[in-house]
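To keep things clear, I will list the structure first and then write my remarks on it.
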2 protein chains.
Amino acid sequence: MIASLSTHPASHSAFSSHATPLTRVGSHEHIFHEGAPAEAMFMIVNGVVVIYRTGIDGCRIIQDLRFKGEYVGVGYEENYSFSAIAVRPTVVRRIARAAVERAIDESPVTARRLLEALTLEQSRLSDRLMVIGSRTAIGRVAACFLDISSRSSGGAETFMVPISRSEMADYLGLTIETVSRAITRLRTLGIIALPRSDTVTIRDRAALQALAQDDGDGAARGRFCA
Amino acid sequence: MIASLSTHPASHSAFSSHATPLTRVGSHEHIFHEGAPAEAMFMIVNGVVVIYRTGIDGCRIIQDLRFKGEYVGVGYEENYSFSAIAVRPTVVRRIARAAVERAIDESPVTARRLLEALTLEQSRLSDRLMVIGSRTAIGRVAACFLDISSRSSGGAETFMVPISRSEMADYLGLTIETVSRAITRLRTLGIIALPRSDTVTIRDRAALQALAQDDGDGAARGRFCA
DNA sequence: CGTTAGCTTGACAGAAGTCAATTACGGTGG
DNA sequence: CCACCGTAATTGACTTCTGTCAAGCTAACG
């Protein structure tokens with residue numbers, strides 16, 4: 001299962017290791033650009049990558065964050081439909097498109113793994129659609145912190161936020177100011193603490209989850225809900 | 001290419017026709033439910049299908065609409081991660097999971113088609129993320145009408161809207177009232193006309209596109225944009 | 001002809017964007 | 001080591017948008 005691929009970096013066994021060179025990517029250096037020929041997919045050995053698209057008007061929306069052990073660019077298309085950029089010093093394993101094609105021809109196992117990986121990505125996108133479509137600012141920020149905590153540090157209570165406020169805004173469909181205010185509110189409510197502006201400590205995980213899922217009071221916008 | 005699959009219903013050649021029975025689905029009858037074993041995928045021969053998820057709190061978000069010639073349930077997972085419901089009398093061709101598995105084993109062509117189909121779906125989801133994350137109500141409604149026009153009637157200026165206001169609301173992350181007001185505004189601006197409440201005529205496609213893409217003025221929320 | 005469900009409209013309140021000013025922080029150079 | 005600068009983050013005042021509640025309208029159907 002490729003689901004395990006995303007959590008167990010070691011299991012990229014389908015590709016011979018010497019054919020998948022490691023590449024070092026500096027902070028805020030692109031791995032690939034939207035529209036460029038999709039010549040490879042990548043596995044993150046270390047670091048954090050942001051996947052984003054740019055609208056006609058220059059809008060930017062961050063589709064997803066990717067952490068150690070996760071894949072980037074798994075799609076099956078001529079050209080990348082999004083850009084990928086490292087947001088801190090990152091090492092990726094490059095898996096050439098040609099190698100993927102070969103592996104698909106050789107064995108249906110690879111194809112199934114890729115299908116599973118894509119399905120997983122789709123389900124993550126769909127989660128984000130729910131968060132952005134139905135939660136208020138504070139709920140979106142709560143969901144974001146929970147996500148980062150579980151994906152980047154295995155659910156640790158204190159973790160580093162690898163993206164700036166501006167990137168959080170693009171990720172959550174909010175403005176910088178609204179993100180900042182939501183964070184302040186979480187802090188004054190005692191739900192989180194901020195040892196540094198890029199480090200969060202969860203003090204009340206239940207409350208954070210309630211906000212992210214709208215069990216509680218003010219985290220959802222009434223639309224959608226029964 | 002499965003991209004062509006979605007526009008040319010005939011090219012489901014990978015599956016023998018007698019193994020893919022036609023099924024009639026009544027309006028507001030489910031094709032499958034979220035969480036149920038994913039035993040088949042479906043191709044829409046005729047009609048319209050809505051794909052949606054239900055949140056813990058009973059929230060509903062409509063992930064996508066699917067029209068004639070498009071696929072439903074292409075994912076690769078044990079259980080469906082969303083529900084599919086016909087929103088008008090619909091005929092689907094059922095392709096059993098077992099048949100898909102067999103086809104994958106027999107030929108990498110099927111796997112590639114599925115990968116392309118999933119990638120296409122992902123790209124559509126990503127479009128919706130941009131619309132919901134960065135457009136105001138009127139922009140979302142504009143984008144929705146353009147989408148329905150092109151997908152359900154090949155870009156015709158007059159077309160039927162197959163979903164209720166309430167479903168539009170769930171689709172766009174808005175309330176019924178806001179959807180209604182946005183439609184009224186589009187009408188009073190002379191951009192669309194409504195011969196009936198479920199039928200739209202585009203009178204100024206350029207303006208509609210401007211609103212949907214935010215070339216213009218008020219369609220985008222400032223967030224995201226440079 | 002009345003009933004009902006869906007749609008529209010209005011008045012209001014709350015949430016989030018905008019503009020602007022201030023503060024905190026990190027890096028540079030003296 | 002410290003002062004200075006520029007960027008990022010926060011905070012405040014205000015406006016706009018959208019959700020909420022409530023009432024009225026329309027149209028299909030019995």
Side-chain angles (χ1 to χ4, degrees), chain A residues 27-28 57 59 61 87-88 131-142 160-188 192-200 211 214 216-226, chain B residues 27-28 57 59 61 87-88 131-142 160-188 192-200 211 214 216-226:
Chain A
S27 193
H28 292 100
D57 49 355
C59 284
I61 183 156
V87 290
R88 55 191 44 244
V131 169
I132 289 192
S134 68
R135 302 273 177 285
T136 62
I138 197 165
R140 297 185 208 188
V141 170
M160 228 197 147
V161 178
I163 53 176
S164 68
R165 297 290 186 270
S166 161
E167 287 159 336
M168 279 189 72
D170 289 349
Y171 187 50
L172 300 175
L174 300 167
T175 58
I176 302 176
E177 293 94 327
T178 304
V179 169
S180 185
R181 277 186 255 268
I183 291 175
T184 300
R185 195 138 94 256
L186 288 173
R187 187 163 43 76
T188 56
I192 63 169
L194 286 117
R196 293 160 40 100
S197 83
D198 65 350
T199 305
V200 169
L211 286 170
D214 180 43
D217 37 301
R221 312 167 78 169
R223 57 203 192 180
F224 290 150
C225 302
Chain B
S27 193
H28 291 98
D57 49 355
C59 283
I61 185 158
V87 290
R88 54 191 44 244
V131 168
I132 289 192
S134 68
R135 301 275 176 281
T136 62
I138 196 165
R140 296 185 208 188
V141 170
M160 228 198 147
V161 179
I163 52 176
S164 68
R165 297 291 186 268
S166 160
E167 287 160 336
M168 280 189 70
D170 288 348
Y171 186 50
L172 299 175
L174 300 167
T175 58
I176 303 177
E177 294 94 327
T178 303
V179 169
S180 185
R181 276 187 256 267
I183 290 174
T184 300
R185 194 137 96 255
L186 288 172
R187 186 162 46 74
T188 56
I192 63 171
L194 287 117
R196 292 158 41 99
S197 83
D198 65 350
T199 305
V200 169
L211 286 171
D214 180 43
D217 36 301
R221 313 167 78 168
R223 56 202 193 180
F224 289 151
C225 301

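An OP1 or OP2 oxygen of C:dC7 is reached within less than 4.0 angstrom by no side-chain nitrogen or oxygen of B:Ser197. Dashed line: the shortest gap from a side-chain N or O of A:Thr178 to OP1 or OP2 of C:dG17 is under 4.0 Å. The phosphate of C:dG26 (OP1 or OP2) has a side-chain N or O of A:Arg196 nearer than 4.0 angstrom. Dashed line: the shortest gap from a side-chain N or O of B:Arg181 to OP1 or OP2 of C:dT8 is not under 4.0 Å.
Taking every side-chain heavy atom of B:Ser180 into account, C:dT9 is the closest of C:dT9, D:dT11, D:dT20. Among the nucleotides D:dC21, D:dT10, D:dT11, the one closest to any side-chain atom of A:Glu177 is D:dT11. Checking C:dT9, C:dT18, C:dA16 against every side-chain atom of B:Arg187, the shortest atom distance belongs to C:dT9. Distances were taken from every side-chain heavy atom of A:Thr184 (C-beta onward) to each of D:dA9, D:dT11, C:dT9; the shortest belongs to D:dT11. The side chain of B:Thr136 has D:dC17 as its nearest neighbour among C:dT8, D:dC17, D:dA9. Ranking C:dC7, D:dA9, D:dG19 by closeness to the A:Ser164 side chain, first place goes to D:dA9.
The main-chain N or O of A:Arg185 is found under 3.5 Å from a side-chain atom of A:Thr188 such that the two form a donor-acceptor pair. Judged purely by atom type and a 3.5 angstrom limit, A:Thr199 has no side-chain atom pairing as donor or acceptor with the backbone of A:Arg196. Of the possible polar contacts, one joining the A:Arg165 side chain to the A:Ser197 backbone as a donor-acceptor pair under 3.5 Å is found.
Per the geometry, CG belonging to B:Leu194 stands 12 Å off P belonging to D:dA27, to the nearest Å. In this structure, CD1 of B:Ile138 is placed 16 Å from P of D:dT16, rounded to the nearest angstrom. Between the CZ atom of B:Arg140 and the P atom of D:dG19 there is a distance of 7 Å, given to the nearest Å. Counting to the nearest Å, the C1' atom of D:dT11 and the CD1 atom of A:Ile176 are 14 Å from each other. Atoms CZ (B:Arg135) and P (C:dG17) sit 14 Å apart, rounded to a whole Å. The nearest whole Å value for the distance from the CG atom in A:Asp198 to the P atom in D:dA9 is 9 Å. We find that CG of A:Leu174 is positioned 17 Å from P of D:dC17, with the value rounded to whole Å.
The nearest heavy atom of DNA chain C to A:Arg185 and to B:Ile183 marks one nucleotide each, and the one closer to the 5' end goes with B:Ile183.
When every heavy atom of A:Cys59 is checked against every heavy atom of B:Arg135, the shortest pair comes out as SG-NH1, 4.4 Å.
The residue from B:Leu172, B:Thr136, B:Ile192 that alone fulfils the side-chain contact (heavy atoms from CB on, under 4.5 Å) condition with B:Val141 is B:Leu172.
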